[in-house]
Undergrad: 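Supplied in C-alpha cells, the structure appears directly below.
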Amino acid sequence: PLLAASAPPAGFERALAPRDFSFPADHGPHVDFQTEWWYYTGNLQDAAGESYGYQLTFFRSSLAAQEPARTSDLATNQVYMAHFALTDAPRGEHESFERYSRGAGGLAGAQGEPSFSVWLEDWSAVQVGGDGMRLLANAQGQAGPVALDLTLRQTRPPLLQGDRGLDQKGPEEGNASYYYSLVGLETSGVITSGGRAIEVTGVSWMDREFGTSALSAGSVGWDWFSFQLDNGAALMLYLIRT
C-alpha cells in the first residue's frame with residue numbers, strides 16, 4: 001500500500017525528473033513525498049574471523065498530505081516503522097524484530113539539518129562528525145539480548161542510482177523514487193547475540209529512497225541484493241515481481 005502506483009494519492013510530490021542532492025539535508029525527511037526509507041545492511045567479522053550480518057531500516061509514511069490542525073502533542077500525519085535483524089553465523093541463528101510508532105511526541109522522527117538523525121524510540125541512526133553515523137538497536141531474542149552499537153564511516157561519495165538519482169521502477173511517469181547509496185562504509189563496534197557482546201569490524205551499505213509511487217499496477221513485491229567486492233566494485237540489483 002505504501003507504493004501503490006495506479007492511482008497515486010493527491011497532494012504529494014512525485015519523482016519526475018533528476019534533482020540536485022545536498023548533504024546532510026537529503027539524509028533527512030522529505031515529507032512532501034508520501035514514503036521514504038533509510039536502509040542499512042552490513043557484513044561483519046569478529047577477531048577470530050567469524051561472520052555476522054545485520055540490517056537496520058527505518059521507514060516513514062504519510063497518512064495524508066496535510067497534517068490536521070490539532071493541539072495534541074501526539075497528533076501527526078506521519079507513521080514510522082523500523083526493522084532490525086542480526087545473523088550470527090557461528091550460532092547458526094538469524095533473528096529479526098520490528099517496531100511501529102507515530103512521528104510525534106518524541107516517539108519517532110528524522111531530521112537532516114544541522115545534522116542527520118532518524119529514530120524510532122531507542123533505535124536510531126545519528127550523524128557522528130562529518131563522515132560518520134552511529135547505529136543503535138536492541139531487542140530481546142530467544143537466547144538473550146540482541147543488539148548493535150556500530151559506527152559507520154563514509155569512504156566514498158554518494159552513488160546516485162538510475163538517472164542522476166531518479167530511479168524509474170515502472171513505465172508510467174512518476175512511478176520512480178529518488179535513490180542514492182552510501183557504499184564502502186567502514187564499520188566497527190559491538191553487536192550482542194544470544195546475550196554475548198562481540199567486537200566486530202566490517203563494511204556496510206546504506207540505501208536511501210524517497211518518493212510517492214513507484215510500482216506499476218500488478219506488481220506484488222521485489223527482491224533486492226547488494227554486493228561489495230574486494231576490488232572496490234559495488235553492485236546493486238533488484239527484480240520487481242508481477
Undergrad: Identify the residue among Glu95, His94, Glu93 that makes a side chain to side chain donor-acceptor pair (under 3.5 Å) with Thr87.
TA: His94

Undergrad: Could you list the residues that satisfy salt bridge (Lys or Arg N to Asp or Glu O under 4.0 Å) with Asp20, not counting sequence neighbours?
TA: none

Undergrad: Tell me whether Arg241 at atom CZ has more than 12 heavy atoms from other residues, nucleotides or ligands lying less than 6.0 Å away.
TA: yes

Undergrad: Take Tyr80 and Trp119, measure what side chain to side chain contact (heavy atoms under 4.5 Å, CB included) needs, and give me the verdict at the end.
TA: CA-CA 9 Å; Tyr80 282 77; Trp119 71 93; over 6 Å; no

Undergrad: Checking side chain to side chain contact (heavy atoms under 4.5 Å, CB included) against Arg134, which of Leu152, Leu150, Thr151 comes through?
TA: Thr151

Undergrad: Side-chain donor-acceptor pair under 3.5 Å between Ser62 and Gln78, yes or no?
TA: yes

Undergrad: Quick one: hydrophobic cluster around Phe210, which other residues, with the 4.5 Å side-chain cut-off, linked directly or via members?
TA: Phe21, Phe23, Phe33, Leu160, Leu166, Tyr178, Tyr180

Undergrad: So for atom CG, which belongs to Asn231, do other residues, nucleotides or ligands contribute more than 12 heavy atoms lying within a distance under 6.0 Å?
TA: yes

Undergrad: Could you measure the distance from the CG atom of Leu148 to the CD1 atom of Ile198? Nearest 0.5 Å is fine.
TA: 11.5 Å

Undergrad: Show which residues join Val203 in its hydrophobic cluster (side-chain heavy-atom contacts under 4.5 Å, direct or indirect), or state none.
TA: none

Undergrad: Are Thr187 and Leu44 close enough, and set up right, to give a side chain to side chain contact (heavy atoms under 4.5 Å, CB included), and what steps lead you there?
TA: CA-CA 8 Å; Thr187 304; Leu44 310 170; 3.7 Å; yes

Undergrad: Return the set of residues passing ring pair (Phe, Tyr, Trp, His ring centres under 6.0 Å) with Phe227 (not counting sequence neighbours), or none when no residue passes.
TA: none

Undergrad: Give a yes or no on whether Glu173 atom CD has more than 12 heavy-atom contacts from other residues, nucleotides or ligands under 6.0 Å away.
TA: no

Undergrad: Can you establish whether the number of heavy atoms outside Asp73 located under 6.0 Å from its atom CG is more than 12?
TA: no

Undergrad: Check for a donor-acceptor pair, side chain of Arg196 on one end and backbone N or O of Gly144 on the other, with a separation under 3.5 Å.
TA: no

Undergrad: Knowing that exactly one of Glu36, Arg14, Glu209 qualifies, which makes a side chain to side chain donor-acceptor pair (under 3.5 Å) with Ser177?
TA: Glu209

Undergrad: Which residue is it: Tyr238, Tyr179, Trp37, Tyr39? I am looking for the one with a ring pair (Phe, Tyr, Trp, His ring centres under 6.0 Å) to Trp224.
TA: Tyr39

Undergrad: Would a distance-only check, ignoring hydrogens and angles, find a side-chain to backbone donor-acceptor pair under 3.5 Å from Gln228 to Gly184?
TA: yes

Undergrad: Hydrogens and angles aside, do Glu13 and Thr212 bring a side-chain donor and acceptor to less than 3.5 Å of each other?
TA: no

Undergrad: With ILVMFWY side chains joined below 4.5 Å, transitively, what does Leu239's cluster contain besides itself?
TA: none

Undergrad: For side chain to side chain contact (heavy atoms under 4.5 Å, CB included), just list the numbers for Val126 and Met133, CA-CA rounded to whole Å, side-chain angles, deciding distance to a tenth of an Å, and then say yes or no.
TA: CA-CA 5 Å; Val126 177; Met133 298 181 184; over 6 Å; no

Undergrad: Step by step, would you call Ser193 with Arg91 a side chain to side chain contact (heavy atoms under 4.5 Å, CB included)?
TA: CA-CA 9 Å; Ser193 178; Arg91 292 176 55 222; 2.8 Å; yes

Undergrad: How far apart are the C-alpha atoms of Thr57 and Gln55, what are their side-chain angles, what is the distance that settles it, and do they pass the side chain to side chain donor-acceptor pair (under 3.5 Å) test?
TA: CA-CA 6 Å; Thr57 310; Gln55 173 203 353; 2.8 Å; yes

Undergrad: Between Ser181 (side chain only) and Val183 (backbone N and O only), is there a donor and an acceptor less than 3.5 Å apart?
TA: no

Undergrad: Hey, is Asp26 close enough to Arg208 for a salt bridge, meaning N to O under 4.0 Å?
TA: no

Undergrad: Just wondering, are more than 12 heavy atoms of other shown residues or ligands nearer than 6.0 Å to CD in Glu50?
TA: yes

Undergrad: Would you check if the side chain of Glu113 reaches a backbone N or O of Ser115 as a donor-acceptor pair within less than 3.5 Å?
TA: no

Undergrad: Of all residues at least two apart in sequence or in a different chain, which pass the ring pair (Phe, Tyr, Trp, His ring centres under 6.0 Å) check with Phe84?
TA: Phe97, Trp123

Undergrad: Is there a donor-acceptor contact under 3.5 Å from the side chain of Glu172 to the main chain of Ala176?
TA: no

